[in-house]
Amino acid sequence: MARASSSISVVLRRQSPNTHIRYLTTETKDCDFTQVAQQICKIIRTKPRWENTLSSQYPSLNFSDPQFSREVLKHQNNVLLSLRFFLWLSSHNGFSPDPISCNAIFNALVEAKACSAAKSFLESTSFSPEPASLESYARCLCEGGWVEEAVDVFNRLKGAGVCPSISTWNAALSGCLKVGRTDNVWKLYQEMIEYGVVADVETVRCLIQAFCDDNDVSKGYGLLRQVLGDGIVPGNAAFNKLISGFCKEKEYTKVSELLHTMITMNCVPDNFTYQEVINWLCKKGKVSEGFRIFNDLKERGYAPDIVMYTTMIHGLCTMGWLGGARKLWFEMFGKGFRPNQYTYNTMIHGFCKSGDFEQARILYKEMCDKGYKETTVSYNTMMTGLCLHGRTDEAYKLFKEMPQKDIVRDVITYNTLIRGFCKEGKIVESLNLFREFHTLGLQPSAQSYTPLIAVLCQVGRVEEAKSLWNDMKNIGLQPISSTHDDIINGLCDQGDVTEGMDWFVAMLTDKLKPEQRTFSRLLSCLLHRDRLDDSLLVLDFMFTLGYVLEKGICYSLVNQLCSKNTHFVETCLGDILEGSDISTCL
DNA sequence: CTAGGGTTAG
């Protein structure tokens with residue numbers, strides 16, 4: 001969860017013009033508070049261990065006088081030093097914190113967005129800030145991502161019978177969205193309703209976004225239509241979120257509807273709108289469609305920005321259309337855009353994918369020369385490309401370089417290399433990496449296990465594969481469909497067709513679609529074992545899922561059926577031949 | 001400041 005860091009040097013706002021307070025000490029000597037306060041501030045700033053000596057330096061000063069403490073706080077312009085001084089005072093000389101000083105420090109901390117300091121200050125002093133301060137505090141917490149704490153503050157305000165302003169509510173909702181806590185959005189919105197606060201456009205924007213983030217895009221759309229009916233027009237933000245959400249769901253009719261509504265409502269679709277459309281079209285495999293829109297936009301006078309170019313170049317690269325990608329790259333230059341971290345990595349990825357490591361390295365060097373730092377992503381990109389083209393030794397070299405350059409290896413780094421090694425049958429190397437990864441305490445993903453289980457099954461080490469499977473399940477990871485296929489095929493290969501059938505049934509129960517190879521392997525094993533009933537069961541599912549029967553298996557199936565010579569056989573034969581690709585051969 | 005987008009596993 002994102003947390004804002006506390007600011008270190010901060011200006012404490014002066015509350016009032018500097019007033020000279022004169023004070024009579026026990027030595028009956030006049031003491032200028034302002035002067036002493038300034039001296040003390042300097043000591044606090046410059047002497048790291050002032051706590052040990054301050055009292056003895058001013059033996060006659062009454063540190064517990066609130067007027068004095070206020071004066072020091074007024075002169076101290078570093079809020080964290082103020083806080084330290086205040087805490088020191090609290091534990092000395094019987095000083096009992098006065099509300100004015102407390103409020104001053106608390107407000108300064110809030111203003112400095114030092115949420116965690118403000119929070120511990122509240123906890124340690126147990127004073128009650130003014131409602132206005134609390135409200136600012138709640139905003140500060142939200143902006144810093146401390147939404148749980150913000151909800152507590154809202155409850156506190158509620159306890160005091162104070163209703164936060166609409167902009168504070170909105171800030172809270174927006175803060176919850178930023179850290180992905182839609183649950184808190186709904187909680188807060190519920191309270192808003194209980195207070196009788198009337199939602200405004202910004203509230204609607206937050207709610208629509210919350211629906212979209214919850215993958216309830218249709219509900220978000222419902223809300224939009226409702227408010228449009230009431231004459232409220234949310235800004236592009238709400239529209240763009242909905243459009244992006246529907247693109248993700250491939251609901252292109254709704255997308256068009258929304259684009260039209262936007263235009264009707266004078267919310268002109270912008271680069272953000274179309275960027276989302278193009279991005280999701282590309283991600284859902286409709287790159288040509290995305291490219292068409294991209295070109296249309298240019299013709300209609302839209303000026304794609306660097307992000308849009310990057311998105312489009314990426315789309316073209318994933319399709320292997322490197323020529324088109326390069327053309328856009330140069331077009332982008334012509335428009336005055338210079339590639340950034342994303343653009344470089346995208347293009348490097350394109351070259352790597354197509355196996356042009358020479359170009360990839362030229363671009364990589366250019367990226368570094370332009371001052372962009374090498375990152376985990378840039379390394380992962382190169383390693384992915386190398387592994388894809390069977391150059392795992394080179395990828396491994398890069399892997400070893402990373403710590404020397406202080407570049408963090410992440411789960412993708414390891415998964416990439418594990419996959420690469422597995423593909424080349426280097427099981428020992430893969431398992432070593434896998435263990436190293438575990439030792440480092442990194443959180444594996446399903447993709448960490450997938451290639452290992454596959455290769456272990458291929459070489460007949462199904463027990464080890466199953467043990468990895470159990471590990472996965474135990475840490476709450478869901479194996480992908482093909483991992484089921486791998487295990488079934490492994491079991492069949494070692495003659496455990498009965499257990500293979502169990503796994504097959506489990507797959508169907510989980511509504512997963514076994515691959516063609518799994519059906520073929522199961523069928524030939526079952527036929528080999530003379531288990532005709534199970535064969536027919538498997539066959540039935542196979543046809544239901546739209547697969548065709550391979551020639552070889554079809555022949556042995558027909559042979560077996562004919563050798564049984566029962567009445568039932570004849571009814572089966574027709575179906576089987578219909579579903580096979582040999583009917584023309586007979 | 002005002003909402004916010006793009007890169008790496010397949």
Side-chain angles (χ1 to χ4, degrees), chain A residues 139 143 167 170-171 173-175 177-178 201-202 204-206 208-210 212-213 234-245 247-248 267 269-280 282-283 285 290 294 304-318 325 328 332 337 339-353 360 363-364 367 372 374-388 395 398-399 402 407-423 437 444-451 454 480-482:
Chain A
R139 282 164 185 262
E143 283 164 22
S167 70
N170 289 340
L173 296 176
S174 179
L177 288 171
K178 264 185 208 137
V201 181
E202 169 66 4
V204 170
R205 196 227 12 118
C206 289
I208 288 179
Q209 187 180 336
C212 292
D213 291 352
N236 279 24
F239 280 106
N240 290 353
K241 277 281 171 224
L242 289 168
I243 287 174
S244 171
C247 280
K248 222 183 289 180
C267 294
D270 51 21
N271 268 342
F272 289 100
T273 318
Y274 288 113
Q275 202 278 136
E276 287 293 327
V277 174
I278 293 171
N279 185 26
W280 281 106
C282 289
K283 286 223 166 83
F294 179 79
D305 59 12
I306 183 81
V307 177
M308 229 190 219
Y309 270 105
T310 307
T311 305
M312 202 60 249
I313 288 171
H314 178 239
L316 295 174
C317 284
T318 54
L328 278 191
M332 185 184 79
F337 295 116
N340 60 22
Q341 190 84 262
Y342 290 103
T343 326
Y344 272 117
N345 280 321
T346 297
M347 199 67 221
I348 290 168
H349 177 233
F351 282 125
C352 284
K353 205 172 137 72
L363 215 52
Y364 198 99
M367 176 180 82
Y372 294 109
E374 295 182 283
T375 60
T376 305
V377 173
S378 76
Y379 263 86
N380 287 351
T381 304
M382 287 302 290
M383 287 164 62
T384 302
L386 290 165
C387 287
L388 186 68
L398 292 180
F399 177 80
M402 293 176 79
I407 295 165
V408 178
R409 296 162 172 168
D410 67 2
V411 60
I412 297 179
T413 317
Y414 277 93
N415 290 359
T416 301
L417 218 47
I418 288 171
R419 167 168 293 275
F421 278 140
C422 284
K423 208 174 73 185
F437 175 71
S445 65
Q447 288 108 311
S448 317
Y449 290 88
T450 305
I480 60 168
S481 182
S482 78

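Chain letters run A, B, ... following the sequence lines, proteins first, then strands; residues in each count from 1.
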If the plane angle is over 60° it's perpendicular, under 30° parallel, otherwise tilted; pick one for A:Y414 and A:F437.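 A:Y414 vs A:F437 ring planes: tilted.
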Fit a plane to each ring of A:F337 and A:Y309, take the angle between them on a 0 to 90° scale, and name the class: parallel (under 30°), tilted (30 to 60°) or perpendicular (over 60°).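 Taking A:Y309 first and then A:F337, their aromatic rings sit tilted (interplane angle of 30° to 60°).
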Could you tell me whether [X] contacts a base, only the sugar-phosphate backbone, or nothing, with contacts defined as non-hydrogen atoms closer than 4.0 Å?
X      : value
A:N279 : sugar-phosphate
A:T343 : base
A:Q275 : base
A:Q209 : nothing
A:K283 : sugar-phosphate
A:I306 : base
A:S445 : base
A:D270 : base

Per the atom types in the model, does the base of [N] pair as donor or acceptor with the side chain of [X] at under 3.5 Å?
X      : N     : value
A:N340 : B:dG6 : yes
A:N271 : B:dG5 : no
A:T311 : B:dG6 : no

Selection from [options] that lies nearest to any side-chain heavy atom of [X]:
X      : options             : answer
A:T384 : B:dA9, B:dA3, B:dG5 : B:dA9
A:A237 : B:dA9, B:dA3, B:dG6 : B:dA3
A:H349 : B:dG5, B:dA9, B:dG6 : B:dA9
A:D305 : B:dA3, B:dG5, B:dT8 : B:dG5
A:N236 : B:dA3, B:dA9, B:dG5 : B:dA3

Heavy-atom distance under 4.5 Å between the side chains of A:M402 and A:M383, does that happen here?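 SC-SC contact between A:M402 and A:M383 confirmed.
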Mind calculating the distance between [atom1] ([X]) and [atom2] ([N]) to the nearest angstrom?
X      : N     : atom1 : atom2 : result
A:I412 : B:dA9 : CD1   : C1'   : 6 Å
A:L177 : B:dG5 : CG    : C1'   : 16 Å
A:K178 : B:dT2 : NZ    : C1'   : 10 Å
A:I313 : B:dG5 : CD1   : C1'   : 15 Å
A:D410 : B:dA9 : CG    : C1'   : 10 Å
A:M347 : B:dG6 : CE    : P     : 20 Å
A:Y364 : B:dT8 : OH    : P     : 15 Å
A:E374 : B:dT8 : CD    : P     : 18 Å

Taking the six-membered ring for Trp, does A:F272 stack with B:dG4 (centroid gap under 5.5 Å, planes within less than 30°)?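 Aromatic stack with B:dG4 present for A:F272.
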Determine whether A:S378 and A:N345 satisfy the following criterion, side-chain hydrogen bond (donor to acceptor under 3.5 Å, both in side chains), listing intermediate values before the conclusion. CA-CA 6 Å; A:S378 76; A:N345 280 321; 4.8 Å; no
Atom P, compared across B:dG5 and B:dC1: separation rounded to whole Å: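 Result for the P pair: 15 Å, nearest Å.
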Might you work through the side-chain contact (heavy atoms from CB on, under 4.5 Å) test for A:L386 and A:C352, ending with a clear yes or no? CA-CA 7 Å; A:L386 290 165; A:C352 284; over 6 Å; no
Closest approach of A:V201 and A:G235, non-hydrogen atoms and distance?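 For A:V201 and A:G235, the tightest heavy-atom pair comes out as CG1-N, 4.3 Å.
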Report the C-alpha separation of A:D410 and A:T413 in whole Å, then their side-chain angles, then the decisive distance to 0.1 Å, and conclude whether the side-chain hydrogen bond (donor to acceptor under 3.5 Å, both in side chains) test is met. CA-CA 5 Å; A:D410 67 2; A:T413 317; 2.8 Å; yes
Contact under 4.0 Å: A:H314 side-chain N or O vs B:dG6 OP1/OP2: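 Answer no for this pair, as no side-chain N or O of A:H314 is under 4.0 Å from OP1 or OP2.
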